[in-house]
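A short write-up of the structure that comes next.
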Amino acid sequence: MTETTAELRESPESTTVVVIGAGPAGLTVANLLRRSGIDCVVLERRTRERVAQRQRAGIVEARAVRMFDSWGLADQVLGSGTYDGLLEFRVDGESHLVSDDHGSGGPRARLCPQQVLVQKLTAVYLAEGGDLRFEAADVSLHDLAGDRPTVRYRTADGALRSINCAFVAGCDGDHGISRAAVPDGVLTAHAFDHGIGWLTVLADAPPPAHPLFAVSPHGFAAHFARGPHASRYYLQCPPDDHPGAWPDSRVWDALRTRLADVALLPGPITDREIFRLRSLVHDPMQYGRLFLVGDAAHIVSPLGGKGMNLALYDADLFARAVRDSIRDHDDTGLRSYSQRCLRRVWNDQEFSHWLTRTLHEAGDDTQSGSFQRGLARARLDRLFTSRNAVRAFAELMAGLNPVRHGSDFE
Ligand code: APR
């Protein structure tokens, strides 16, 4: 007998879906499956405290608000963080307010930082008796192409466990084990590196009146609320820059210059990081009984706030597809999952790409040249002057533009 089988004394458990990862994607899948009466087990490698603290995006688009509403979860998991629906674009110090009113009625987007959504989804799931196992180490996936895959992992106290299931939801982000478990050659990766870095700064400093995007010859900057007394700022920088090169005084000087606000109030900086703007799509988002959900399948550059919203979109499609398969023996949703998700993924990639290029190239022509700068300025002028351009922008922000699926639009 090998050491591994000797350690695996208990017989395998059995469930319908094993969800790998308790980020927005995994927790949404788990909550929606529970609401559909379908068993699942969530395995998360970190502690509950660590997962609850990871700070990320803050806007839940109108489409996702409707989605949570349709499951009776919106008020429980999103809170009441509405805003007045105006975004500010400040170009060389001149302010332009753009409305996110998409004109189709229904709920608007909500301000809800990702960690708040994660905390609330966790609380609701556990309160309703959900099975969520933190500190699950060495998760591995087996027999994904068969009828009953197996998921193995090690508990916090070192015991090996094994779970048989009908489906695996790979919700473990870009560096997880789910996508890595797919044999070589099955998935195609479509990648784009913008060649741009962002310094992100979190500070206990007054939030702006509206989410603020600033274009300046010194580089792009942005300022967003993180609750009533805190702000998150972004500053364009070289992608290989180091946070140590940005002491507090340099951060505040650069923000005052790029936001064209000499009176900008500083505050204690609580976090600062640098990351590279990149975009990535894996196609297909499925292998056998493994379905990739959220960042495990795609990364979107942050402008437009689509990363978390796409994860919520995938989670909803996956949960409904599993429900139809288990309850009604209808596998249509499972078969079309990847294709339907990818249509929206490419739609949102295009929007984020457009916004990213526009806001960076309109200010700084050192990377992309003066011709691209002229085009980017023309796109912004159109957004500030054409009612139809604003409406199209708002519809994309809301996630409500129709996306073709086969011969239908959804
Ligand atoms: N085993 C178990 N859990 C894992 C493993 C693993 N091997 N690897 C990663 N995880 C967990 C992470 O600890 C994390 O809690 O999976 C979770 C993945 O969460 P996210 O990275 O947040 O990804 P996702 O849920 O798809 O969220 C969408 O949208 O706003 C963007 O990138 C932002 O995280 C956000 C994402």
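Atoms within a ligand are numbered from 1 in the order they appear, just like the ligands themselves. Everything numeric here is computed off the predicted structure, so don't read it as measured data.
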If you apply the rule side-chain contact (heavy atoms from CB on, under 4.5 Å), what do you find for Arg344 with Arg340, and how did you get there?
CA-CA 7 Å; Arg344 190 153 289 279; Arg340 285 177 70 184; over 6 Å; no
Can you list the steps and then say if Arg161 with Asp138 is a salt bridge (charged side-chain N to carboxylate O under 4.0 Å, His left out)?
CA-CA 10 Å; Arg161 294 273 189 273; Asp138 304 334; over 6 Å; no
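Under a 4.0 Å criterion applied to the non-hydrogen atoms of Ala311, ligand 1 contributes the atoms 28 (C). Counting atoms of ligand 1 from 1 in the listed order, those under 4.0 Å from a heavy atom of Val139 are 1 (N). Using a 4.0 Å cut-off to heavy atoms of Gly307, the atoms of ligand 1 that qualify are 29 (O), 30 (O), 31 (C). Atom numbering of ligand 1 starts at 1 in the shown order; those under 4.0 Å from a heavy atom of Ile177 are 7 (N). Interface atoms of ligand 1 facing Leu43, defined by a heavy-atom separation under 4.0 Å, are 2 (C), 3 (N). Each of the atoms 8 (N) of ligand 1 lies under 4.0 Å from some heavy atom of Gly176. Close approach of ligand 1 to Met308 is summarised as follows: ligand atoms under 4.0 Å from at least one heavy atom of the residue are 29 (O), 30 (O), 31 (C). Interface of Asp295 with ligand 1, defined as ligand atoms under 4.0 Å from a residue heavy atom, comprises 23 (O), 26 (O), 28 (C), 29 (O), 32 (O), 33 (C), 34 (O), 35 (C), 36 (C).
Side chain of Gln286 to main chain of Phe291: no donor-acceptor pair is present (N/O by atom type, distance under 3.5 Å, no hydrogens or angles). Between the side chain of Asp314 and the backbone N or O of Gly294 there is at least one donor-acceptor pair closer than 3.5 Å.
Counting heavy atoms closer than 4.0 Å to ligand 1, residue His175 contributes nothing at all.
Between Glu44 and ligand 1, a contact under 3.5 Å exists for at least one N or O pair. Taking distance alone, with nitrogen or oxygen atoms compared against 3.5 Å, Gly173 stays at or beyond that limit from ligand 1. Checked against a 3.5 angstrom limit, the closest N/O atoms of Ala136 and ligand 1 fall outside it. Remark: ligand 1 and Gly26 share no N or O pair separated by less than 3.5 Å (distance only, no angle test).
For the pair Arg289 and Phe167, the cation sits on the ring face: its NZ or CZ lies under 6.0 Å from the ring centre, inside 45° of the axis.
The nearest non-hydrogen atom to atom 25 (O) of ligand 1, considering only Ala22, Gly294, Ser140, Ala25, comes from Ala25. Heavy-atom proximity to atom 18 (C) of ligand 1, evaluated over Cys171, Pro302, Ser178, Pro24, is greatest for Cys171.
Of the charged side-chain nitrogens involved, at least one lies within less than 4.0 Å of a carboxylate oxygen, so that Asp131 and Arg133 count as a salt-bridged pair. Classification of Arg256 and Asp253 as a salt-bridged pair holds, one side-chain N sitting under 4.0 Å from a carboxylate O.
Of all the heavy atoms in Gln349 and Ser279, the pair that sits closest is OE1-CB, 3.4 Å.
Here the straight-line distance linking atom CZ of Arg323 with atom CG of Leu33 works out to 10.0 Å at 0.5 Å rounding. Rounded to the nearest 0.5 angstrom, Phe224 CZ and Tyr234 OH are separated by 6.5 Å.
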